[in-house]
There are 2 protein chains.
Amino acid sequence: MATIRDVAKTAGVSIATVSRVFNGNTAVNEDTALQVWAAASALDYWPNGAARSLTTSRSNTLGVLLPDLFGDFFSEVIRGIDQLAKREKYQTLVSGSHASVEDVLAATRAMRGRIDGLVMMAPDSITVESVAKIRRRLPVVLISPPFAVDGCSSVSVASFSGARAVVAHLVGLGHREIAMVAGPAGNVDAEERLRGYRRGLLEAGIPPRDELVVQGDFRESSGYAAAAALLDRRPRPTAVFAANDCMAIGLMSALGNAGLSVPHDVAVVGFDNITMAQYMRPPLTTVHVDAYALGQKAVRLMLDTLADPEGGKVTVQTIDVILKVRSSCGARPAVATNLPAGPKTEPQR
Amino acid sequence: MATIRDVAKTAGVSIATVSRVFNGNTAVNEDTALQVWAAASALDYWPNGAARSLTTSRSNTLGVLLPDLFGDFFSEVIRGIDQLAKREKYQTLVSGSHASVEDVLAATRAMRGRIDGLVMMAPDSITVESVAKIRRRLPVVLISPPFAVDGCSSVSVASFSGARAVVAHLVGLGHREIAMVAGPAGNVDAEERLRGYRRGLLEAGIPPRDELVVQGDFRESSGYAAAAALLDRRPRPTAVFAANDCMAIGLMSALGNAGLSVPHDVAVVGFDNITMAQYMRPPLTTVHVDAYALGQKAVRLMLDTLADPEGGKVTVQTIDVILKVRSSCGARPAVATNLPAGPKTEPQR
DNA sequence: TGAATTTATGAAACCGTTTACATGGCGCTC
DNA sequence: GAGCGCCATGTAAACGGTTTCATAAATTCA
């Protein structure tokens, strides 16, 4: 494997010159440069990245830590990250399934010296101190963090306002008994969506009631299970807001099995707008979250931080969401009389 | 940022001893080791990965090159790769959207010195020489390669046999006018599926006809477009096999718009079994490909190669596929009389 | 008790780069 | 023609680890 020394010898120059040619920052005589290029390609020389980052203490690599790599949502986040990073000549050291704080710390430690910054969607159990600890050695950008950390830019999803909009829409359709399948306790987005749901009800003059909220875990099965609990309520809820699409799908499936028709008997709304949502029967009304943009923004913030490491400029951004009205919310409760005409369904794509 | 020297000074030992403590291969006196640990945690010392891989010429990192990071399929491949790599204490340097050979070479070069091996699903335009060139410096494992390369293990999808099984199944249902929406020319899996389709027909005693094959590009829109071309054929095909699920979905959508019912008027079968397939109305009959296993197998082969670099043991594996019969293929052509009863639909999860 | 062996540790070379600094040659100016 | 500055290039010191080899102390053995 040819090293810079071999190239230098073959080209009849010093290693410093070869290095200069490859980095192109300092002036090198044109003829000399040509000889170096010739030697390099004759020997098929590739500079060694590890050596380079050892001296420069830069790696042109971003660490990416995610709790999971499963499903539409994360895959889009990664794609956004990868794409922008690539365009900006950064590589990405990706690692998924980090469930615990120790896990995150271990993974970060293992990346020490090979990344310039860390983009992280931390597990719910993360603590301020652990992030702060990492931040002391590395620029860190957080995705959907449960708290602010000194010196960390972050980007979140507008879960609260999305949920509020869902409830407002349902109320507009005449619903008053609106239930919710919540996400896992401790998850920021789950809690924001729950908060938004409650706020939405309050704003409509409807007192939120705890017995209308069923705990879920973001997975389809928990949506399915939630149906049973909700159908027991008297009066029966006329609409259900699930904290994400997977649970909404599970819920719809259970409702179907129970002989109820969506949206006629029960309206259903989800959150995330995963690809599948538009293919459901009926197509699922949901809140569109641009996961690709989420990933991209995170990288953009990281690049900003890297460009001005001491600037300490910290940006806290939120990705806007859009209510995507399809047919699953179309039911008007039986009691409703002269409400505005049925739902507008948007064209699917 | 503490280095090994700082730890050595604090602990009152030499850097060699600190190194030994951290790598735990050579015997170190227990008390000394404790002092080193204490010093290290007091200084919050993390070994520098770049420096380490410079001396050891190992990075415990795998490079992962994919043509795209979009959609269910690739996301599962990555998950499989990431999961096994993580379990085996490897990190993954991931890079997507590599369209050209130059792109692949550039990305690989940029990884030089920071990866121990490369797992790659190459773009269709890849050449044997470029892979061989990479192989000269790095262990390489290929996913779905268009050709064999000396010294490269590889893992592919059983596209041929899957397609054959699809045709056999359709023939079994009584279809004889079976059309195909093919994948992009040059793509191995697309071509294998086409080959399997033709073989399937031949085995049923039906001569394959080129006018029943419409070119697609694996995207939904091309499936949609294909419908128009196929519906012009006389006699009209009674069944269409799409080379992947996305195209099948587009196709079904177009058929619906044309007032045709699936499976009654036209049977449709896809390939890949993406998550959405089971949620279609009617649920899509397709060929299940375990993308997660594909990623895992690739890493497994890489680990084998790394464990015995000079062994030259090359393994060429194929991931088996399973025909997943749902309802979209259920139509029996009008001419059919006493064929076996309708399709068995498998429970959806 | 002295030689032989083992054990724990340290000194120093090395991995492949980048880069601050030194140097030598050349063209200008006065 | 001496002095000066500039340009192209080389020398050598990092960067932060690992590992070989030497060595001193501790242990074993006759």
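All values derive from a computational prediction rather than experimental measurement. A note on names: the letters A, B, ... follow the listed sequences, proteins ahead of strands, and every chain is numbered from 1.
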Checklist entry - Taking 4.0 angstrom as the limit, do B:Arg300 and B:Glu88 come out as a salt bridge? => result yes

Item to check | B:Lys86/A:Asp103 salt bridge by N-O under 4.0 Å criterion | outcome: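 Salt bridge flag = yes for B:Lys86 with A:Asp103.
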
Checklist entry - So do the side chains of A:Tyr45 and A:Met1 get within less than 4.5 Å of each other, counting heavy atoms only? => result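 No, every pair of side-chain atoms sits at 4.5 Å or beyond.
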
Next on the checklist: If we ignore hydrogens and angles and just use 3.5 Å, is the side chain of A:Ser19 paired with the main-chain N or O of A:Ile15 as donor and acceptor?
Outcome noted: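 Absent.
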
Checklist entry - How long is the line joining CG of B:Leu43 and P of D:dG16, in whole Å? => result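 The distance from CG of B:Leu43 to P of D:dG16 comes to 14 Å, rounded to the nearest Å.
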
Checklist entry - At under 4.0 Å between heavy atoms, what does B:Thr32 touch on the DNA or RNA strands: base, sugar-phosphate, or nothing? => result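 Contact class for B:Thr32: sugar-phosphate only.
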
Checklist outcome for this item: In terms of heavy-atom contacts, B:Leu43 and A:Arg137 come closest through O-NH2, 4.4 Å

Checklist entry - Which letters describe nucleotides 12-27 of chain C, given B = protein heavy atom under 4.0 Å from base, S = only from sugar-phosphate, - = neither? => result ---BBBBB--------

